2 protein chains.
Amino acid sequence: MRDDDAVFNALADGSRRELLDRLYARDGQTLRELTAGLQMSRQAVSRHLGVLEGAELVVTRRSGREKFHFLNPVPIQLIHDRWIDKYTERPVTALVDLKTELEQRHDLIDPP
Amino acid sequence: MRDDDAVFNALADGSRRELLDRLYARDGQTLRELTAGLQMSRQAVSRHLGVLEGAELVVTRRSGREKFHFLNPVPIQLIHDRWIDKYTERPVTALVDLKTELEQRHDLIDPP
DNA sequence: TTGACAGGCAACAATTTTGTTGCCTATTCT
DNA sequence: AGAATAGGCAACAAAATTGTTGCCTGTCAA
């Protein structure tokens, strides 16, 4: 359950979302490839990838001196299942008239 | 597009997700009601709600000296549409054999 | 075997976040 | 009018994030 934390946290950063986008465009890139074009040092990118890896949004495999990064859709799927659905399936309560709210509230104190 | 940032950021914090959960359980609560039971000062909760409001995840309405907070599912719906779908619809590329990757790669250098 | 390349680790600084306390205004109730 | 209640604002401290630089190990290739 506190798994969500790592995932949401990882997704909260724009640079990390961009890294996911880059992997979406081409899966299995190395650290160097992912760094190219980004205005960040290799080390910074490495740490971002570390966060994504910690959240299991990215899975890696090392081969020789290279490390390949792959998207893992599972955590996003989980977030989707146990979070997004919950809030999007519910009727649009924000449109409930405040008047109704207040009436219900006052009924508890002043029954009609 | 950089709207996502506010939403992801707001969702990144566990306390804020708990506030959303509380509103999910009962919509239209006041600041005091939302604070009750949380181990945080009213001001801290107020700032969290401010972040949620900034991301439009929560909509408020003031009546007299009370401020009522309502869930707004729209931003989550947007995230869902333009983000979650993208990553969950794609086939599970993480299961692509690295061997294939490497072969493709080496084909570029050492054509068979 | 020597040099170039891929990546990891650690120390550091700058910035942001999170929560606290203290004090203020506005509204409601007696 | 006076007291209690709901909430807002600002200053502050502690902690976490983000990026940098410097240096190290392991791998590949000439």
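Keep in mind that the numbers below use all heavy atoms, side chains included, and drop hydrogens, waters and symmetry copies. Labels below follow one simple rule: chain letters A, B, ... track the order of the sequence lines, proteins then strands, and each chain is numbered from 1. Everything numeric in this text was worked out from a predicted model, so none of it was measured.
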**Prompt:** Do A:N72 and A:L57 pass the side chain to side chain contact (heavy atoms under 4.5 Å, CB included) test, and can you show the C-alpha distance, the side-chain angles, and the key distance before you say yes or no?
**Reply:** CA-CA 5 Å; A:N72 178 23; A:L57 284 161; 6.0 Å; no
**Item:** Toward the 5' end of DNA chain C, by each residue's nearest nucleotide, A:K67 or A:R47
**Value:** A:K67
**Complete:** The answer to which of A:S46 and B:D13 contacts DNA chain C further toward the 5' end, by nearest nucleotide, is A:S46
Could you check how far [atom1] of [X] sits from [atom2] of [N], rounded to whole Å?
X     : N      : atom1 : atom2 : answer
B:R17 : C:dT18 : CZ    : P     : 12 Å
A:L38 : D:dT18 : CG    : P     : 15 Å
B:Q29 : D:dG7  : CD    : P     : 11 Å

**Item:** Qualifying residues under side chain to side chain donor-acceptor pair (under 3.5 Å), relative to B:R16, sequence neighbours excluded
**Value:** B:H48
**Complete:** Across all chains, not counting sequence neighbours, the side chain to side chain donor-acceptor pair (under 3.5 Å) partners of B:E18 are none
**Request:** Check whether any side-chain nitrogen or oxygen of A:R32 sits under 4.0 Å from OP1 or OP2 of C:dC5, and answer yes or no.
**Result:** no
**Asked** Do any side-chain nitrogens or oxygens of B:S41 fall under 4.0 Å of OP1 or OP2 in C:dT20?
**Response** yes
**Lys/Arg-Asp/Glu bridge criterion (N-O < 4.0 Å) met for B:K67, B:E53** = yes
Detail all sub-3.5 Å separations between protein N/O atoms and N/O atoms belonging to nucleotides 26-28 of chain D.
from	atom 1	to	atom 2	distance (Å)
D:dT27	O2	A:R65	NH1	3.2

**Prompt:** Can a donor-acceptor pair under 3.5 Å be found between the side-chain atoms of B:Q43 and the base atoms of C:dG22?
**Reply:** yes
**Request:** Would you kindly check whether a donor in the side chain of B:R42 faces an acceptor in the base of D:dG8, or vice versa, at under 3.5 angstrom?
**Result:** yes
**Item:** Nearest-neighbour nucleotide for the B:N9 side chain, C:dG19, C:dT17, C:dG7 considered
**Value:** C:dT17
**Prompt:** How about A:Y87 and B:Y24: are their ring centroids closer than 6.0 Å?
**Reply:** yes
**Item:** First of B:L31 and A:R16 reached from the 5' end of DNA chain D, by closest nucleotide
**Value:** B:L31
**Prompt:** Under 3.5 Å, side chain of B:D27 to main-chain N/O of B:L71, donor-acceptor pair present?
**Reply:** yes
